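One structure below.
Letters A, B, ... are given to chains in the order of the sequence lines, protein chains preceding strands, and every chain is numbered from 1. Fair warning: this is a prediction, and the values are worked out from it, not measured in the lab.
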Amino acid sequence: MNDYKNKRVPPDWCPGCGNFAQLSAITMALAELKIDPKDVVVASGIGCSSNMPEFLNTYGYHGLHGRLLPFASGVKWANSKLTVIAYGGDGDGFFEGTQHFFHTAKRNVDITYMVSDNQVFGLTTGQASPTAPIGLRTKTTPDGNIETPFNPITFALNAGATFVARGFSGDIKHLKELTVKAIKHKGFSFIDVLSPCVTWNKENSYEYFRPRVYHLEGNDVTNFDQAYKLGLEWGDKIPIGVFYEVERPTYEDLDEVLKDGPLIDQKIHQLTEDDLEEFA
Amino acid sequence: MKQNEVIIRVAGAAGDGVQSAGEILIRTFARSGLYATSYNYYQDIIRGGESWYQVRASDEKVKNQGDGLDVLIALNLDGVERHTNPEINEGGASPLGKDGVAIFDSSIKNYTKRETNYCPIPLSDIASKYSKNPLLKNTVGLGAAIAAIGIDFDILAGVIRDQFGKKGDIAEANVKAAKEGYDYYLANYKPLGKKFKYGKKKYMLSGGMSVALGAVAGGLKMYVAYPMTPASSALHFLAQHAKKYGVFVKIPEDEISAINTTIGANYAGVRAMTGSSGGGFALMTEAVGLAGMTEVPIVIYEAQRPGPSTGLPTKTEQGDLNQVLGASQGDFPRIVFAPGDIEEAFYITREAMNLAEKYQTPVFVMSDLYLAEHYDTLDGLDLNFKIDNGERAKDNEEDYKRYLITDTGISPRAIPGQAGLMHNEDSDEHNEYGDVVSDAITNPIDRIKMMQKRMRKLDTYIEEMPPTPTYKISDAEYVIIQWGSTKGAVEEAIDILRSKGIKIGAIEVKNVFPLNPDIGSLLKNRKKIFAVENNYSGQLSKYIAAQFLIKPELITKYDGEAFYPGALANEIEIRIGKKKEVIKE
């Protein structure tokens, strides 16, 4: 596991931050799957969570706020041999990144998208995020949030994601198992991780989630309607686990050019005089 | 009117098949062994509205749409009126004069008679013999026009057959209809008596196609772009050739996605490119800086159209230079090219692919609607080219530093999948390893070193820049500064002025950023320096003025059309005091 951690740069998240659990889940999952660090690209957006690639001994790219999925898609389309993990936050991915989330899921690009969901903006000092519950008091919602929270699970299902799951930073072992499944899944895999922000969100804390979360067991993961219904469940009981998993050809499987193998291995077309005849 | 040159215009409403008729014409000239170029005047609607398509052909190279008009094919009354009325210079184009011929349907009657040879032909009646499709009358008109010009009918027939290749009967019906138009013209009217020296058949490309083809020649494997006129001609061409050339082509959800996907692919070691026009490019600008900061190669095709905002979607302008030079926050190296014609578009884009990878920074190829959408002929292309992947790190290199500080500013790259070179590339300021320097410990020294390292790439690049291209400059008293697609009109204006004894030449600013230092000496000791730009404020001129401390006199055009050589020559003659301005009431 140590092989997957950057020995030069230790994580600089606040003590107790939910992101630590995800760092462990990712490194443990890669170790379990025996994926060579050189074949892994972790792409991120901007925010506390998005510092993740820096703490890993894989190939990492810390890009722009909300834009990790297009970047990750470009990497995957260039070299489908790579394991591509897009790692971001809820502000990052569900505000500016929403339409990329929708379309990447719809395309079923074979990447794993993990979101550290703490319902606030951390790095910009605690404003309400798209998943902030109604009534949450933050710097930007001093009278309490009045906007209906974004539901990442039903959104991903609507978009056509082929793997939809929810994890919890207070349950690392379970989160690691989900991460393993998500990486193994061929197609777009989404894990929304309930990940307390110990600094800016005192309401949605470990203590808040711990008695509420329960493991999904025995649900038919191929049943869309059931997955959708479970996705709407929120309150005293909050399901974590795999909501939905089906097989569907990936974008890479279907594209006329990509299906001939990793783009990086395909020969560059050498223009010839014969090619020019088309323009005569 | 030159005997070895013809200017022909097809005019009608959008949806009348004006453009496809025009394209058949230019291809016919190209296959005949003539040089040809085209000009497309259209509006932002799919049906209705008046449009025209002009083709200029000659046995000598033609550099632009030219002045004058010899043959008009008018598909409606408006087309006859508009293009034979000396009071109307649509888009700066000359109307048909007394030597020209106007071909139109005999059913069009109520036109105003002016000094022109009117040649009504029963286009619709002939067409209806072969098909119910009213568009067939264009083909009859094309046949008649070819007869007027004196081109071999079989060449037109071949082009028509290729055009309708997949629909055998339709192709033959069109060929027969064209032949009848051809015969009708010769039986009733006099040909123009053109005398061409036919050469070898030519190739025909639009600027957008040429940029795309140049990128392919430069190793392109991925093109991700959102549709926007006039960048779309490159997108369409690549989509149609995706399988043949092994280029993955994708329209994503927006331009932001397009550029970030392209950066991802280049980061992973595949040559990828994106393209758009001003408004779409505006959305990409944040990611331009990302590529600059993380030192990922990227080629961006920026095809300008008049702005601001949605502007004139189907017209031409060079108004995005400030935007391209200023795209994204902060200082970082970029290279900006502006090809002047279709040939340059090919070679420059191909070279841009190498330079992006060598310098690991954004490289722009700027064009505009005129260059992107008009067709031009070529004798051929030099296909010899060596792909240069720049400096790459060797696997398992000890203590690998992605952003190693070097004299050239260039650090060896590692590509995901390479063993032992794992690292992080960061949009935050970072040290040589790629570790962020803004968070845990603020490190101003690393910041300064890293800024200097990145910016040094420009100095390295300036060293290898080829000299600024010039036109008839050695004895020139007057010099025109010109960039991009104005090249053809400027050079022809210079020829016109030189024939009147005016010593004038031009420099072509192909390297728009960084500027070539040789510009300073090229402009020294001249009587006057003009800057010809297809925009309002003289964007390039201001930028050159600031760098070389000179004051060019601006000649601008921002009506949405390209420069016409005759009008430009006239303007310059007035400005240098050789001719009095005629003010029309």
Side-chain angles (χ1 to χ4, degrees), chain A residues 6 8-10 12 36-43 46 51 53-79 81-82 99-100 102-104 255-258 260 263-264 266-273 275-280, chain B residues 30-31 201-205 209 213 216-217 219 221-222 224 242-250 252-254 256-258 260-272 286-287 290 294 380-381 383 387 414 416-428 433 435-436 439-440:
Chain A
N6 183 349
R8 207 174 43 250
V9 186
D12 55 0
D36 193 327
K38 76 174 175 61
D39 295 323
V40 180
V41 172
V42 178
I46 296 292
N51 289 340
E54 221 196 328
F55 313 134
L56 290 162
N57 176 41
T58 61
Y59 281 89
Y61 194 87
H62 187 175
L64 298 176
H65 190 69
R67 314 306 175 198
L68 63 168
L69 289 176
F71 178 87
S73 300
V75 172
K76 189 70 190 182
W77 287 336
N79 186 353
K81 293 176 294 186
L82 299 170
Q99 72 160 340
H100 305 312
F102 187 88
H103 288 277
T104 311
D255 181 80
E256 277 298 321
V257 173
L258 295 182
D260 288 347
L263 209 50
I264 196 161
Q266 290 189 31
K267 264 175 81 181
I268 285 172
H269 181 83
Q270 187 69 47
L271 277 183
T272 63
E273 296 292 335
D275 287 326
L276 295 186
E277 280 313 301
E278 186 192 334
F279 313 109
Chain B
R31 282 201 196 163
K201 71 166 185 197
K202 312 282 184 255
Y203 301 105
M204 190 183 111
L205 290 172
M209 288 164 74
L213 201 64
V216 171
K221 276 190 179 174
M222 190 188 292
V224 187
K243 188 78 186 158
K244 186 176 179 189
Y245 296 154
V247 176
F248 170 67
V249 178
K250 178 77 193 130
E253 58 277 18
D254 55 28
I256 297 171
S257 181
N260 281 282
T261 304
T262 310
I263 292 173
N266 279 301
Y267 162 81
V270 156
R271 287 195 169 185
E286 187 191 21
L290 174 69
T294 55
L381 287 168
L383 299 177
I387 285 174
Q418 279 192 272
L421 303 176
M422 288 79 74
H423 66 277
N424 181 48
E425 304 202 358
D426 215 297
S427 59
D428 284 61
Y433 290 104
D435 303 336
V436 175
D439 284 351

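- Most heavy-atom pairs under 4.5 Å with chain A: of the set B:Val224, B:Asn266, B:Asp254, B:Val216, this distinction falls to B:Asp254.
- Neither the backbone nor the side chain of A:Lys76 has a heavy atom closer than 4.5 Å to any heavy atom of chain B.
- Side-chain contact annotation: B:Glu425 with A:His62, donor-acceptor N/O pair under 3.5 Å absent.
- Only the side chain of A:Asp260 comes within less than 4.5 Å of a heavy atom in chain B; its backbone stays farther off.
- Ring-centre distance between A:Phe71 and B:Tyr267: below the 6.0 Å cut-off.
- Once rounded to the nearest 0.5 Å, the distance linking OH of A:Tyr59 with CE of B:Met422 reads 6.5 Å.
- A salt bridge is absent between B:Lys243 and A:Asp255: the closest approach of a Lys/Arg side-chain nitrogen to an acidic carboxylate oxygen does not fall below 4.0 angstrom.
- Within the 4.5 Å cutoff, the side chain of A:Leu69 has no heavy atoms near those of the B:Asn260 side chain.
- Across all non-hydrogen atoms, the minimal contact from A:Val41 to B:Pro416 is CG2-CB, 3.6 Å.
- Residues B:Met209 and A:Phe279 are in side-chain contact: their nearest non-hydrogen atoms beyond the backbone lie under 4.5 Å apart.
- With a 4.5 Å cut-off on side-chain heavy atoms, A:Tyr61 and B:Ile263 count as touching.
- The greatest number of non-hydrogen atom pairs below 4.5 Å with chain A, out of B:Glu286, B:Met222, B:Lys202, B:Arg271, is found for B:Glu286.
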* Between B:Leu381 and A:Glu273, does a side-chain contact (heavy atoms from CB on, under 4.5 Å) hold up when you go through it step by step? -> CA-CA 8 Å; B:Leu381 287 168; A:Glu273 296 292 335; over 6 Å; no

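- Options B:Lys221, B:Met204, B:Arg31 differ in how many heavy-atom pairs under 4.5 Å they form with chain A, and the most are formed by B:Lys221.
- Taking 4.5 Å as the limit, some side-chain heavy atom of B:Leu213 sits within range of a side-chain heavy atom of A:Leu276.
- In this structure a side-chain-to-backbone donor-acceptor pair under 3.5 Å is missing from A:Gln266 to B:Gly246.
- Of the atoms belonging to B:Lys201, it is side-chain heavy atoms, and not backbone ones, that fall under 4.5 Å from chain A.
- The heavy-atom pair separating B:Ala217 from A:Leu271 by the smallest distance is CB-CD1, 3.8 Å.
- Only the side chain of B:Leu205 comes within contact range of chain A, judged by heavy atoms closer than 4.5 Å.
- Heavy atoms only, all atoms of each residue included: A:Arg8 and B:Asp435 are closest at NE-OD2, 2.7 Å.
- Looking at B:Ile387, the atoms closer than 4.5 Å to chain A (heavy atoms on both sides) all sit in the side chain, from C-beta outward.
- Side-chain contact of B:Tyr203 with A:Glu277: a donor-acceptor pair under 3.5 Å is present, judged by distance alone.
- The distance from atom CG of B:Asp428 to atom CD1 of A:Ile46, rounded to the nearest 0.5 Å, is 5.5 Å.
- Note on A:Val40, A:Leu82, A:Asn79, A:Asp36: by heavy-atom pairs under 4.5 Å with chain B, the leading option is A:Leu82.
- A donor-acceptor distance shorter than 3.5 angstrom exists from the side chain of B:Ser427 to the backbone of A:Gly63, with no hydrogens or angles considered.
- For a residue to count as touching a neighbouring chain, one of its non-hydrogen atoms must lie under 4.5 Å from one of that chain's; by this rule B:Ala242 touches chain A with backbone and side chain alike.
- Heavy-atom distances place both the backbone and the side chain of B:Ser257 under 4.5 Å from chain A.
- When the salt bridge (Lys or Arg N to Asp or Glu O under 4.0 Å) test is applied to B:Lys244, the partners found at least two apart in sequence or on another chain are A:Asp275, A:Glu278.
- Using a 4.5 Å heavy-atom threshold, the side chains of B:Tyr433 and A:Val9 count as separate.
- Both the backbone and the side chain of A:Leu263 come within less than 4.5 Å of a heavy atom of chain B.
- Taking 4.5 Å as the limit, every side-chain heavy atom of B:Gln418 sits out of range of all side-chain heavy atoms of A:Lys38.
- Contact of the A:Pro70 side chain with the B:Ile256 side chain is not registered, since no non-hydrogen atoms from C-beta on lie closer than 4.5 Å.
- In this structure, chain B has no heavy atom under 4.5 Å from any part of A:Leu68.
- Contact of B:Ala287 with chain A is made through backbone and side chain together, with heavy-atom distances under 4.5 Å.
- For a residue to count as touching a neighbouring chain, one of its non-hydrogen atoms must lie under 4.5 Å from one of that chain's; by this rule A:Gln270 touches chain B with the side chain only.
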* Asked: Run the side-chain contact (heavy atoms from CB on, under 4.5 Å) check on A:Glu256 and B:Phe248 step by step: do they pass?
  -> CA-CA 8 Å; A:Glu256 277 298 321; B:Phe248 170 67; over 6 Å; no

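- Only the backbone of B:Val247 comes within contact range of chain A, judged by heavy atoms closer than 4.5 Å.
- Between A:Leu64 atom CG and B:Leu290 atom CG the span is 4.0 Å, to the nearest 0.5 Å.
- Contact check for A:Phe102 versus B:Glu253: no side-chain heavy atoms found under the 4.5 Å cut-off.
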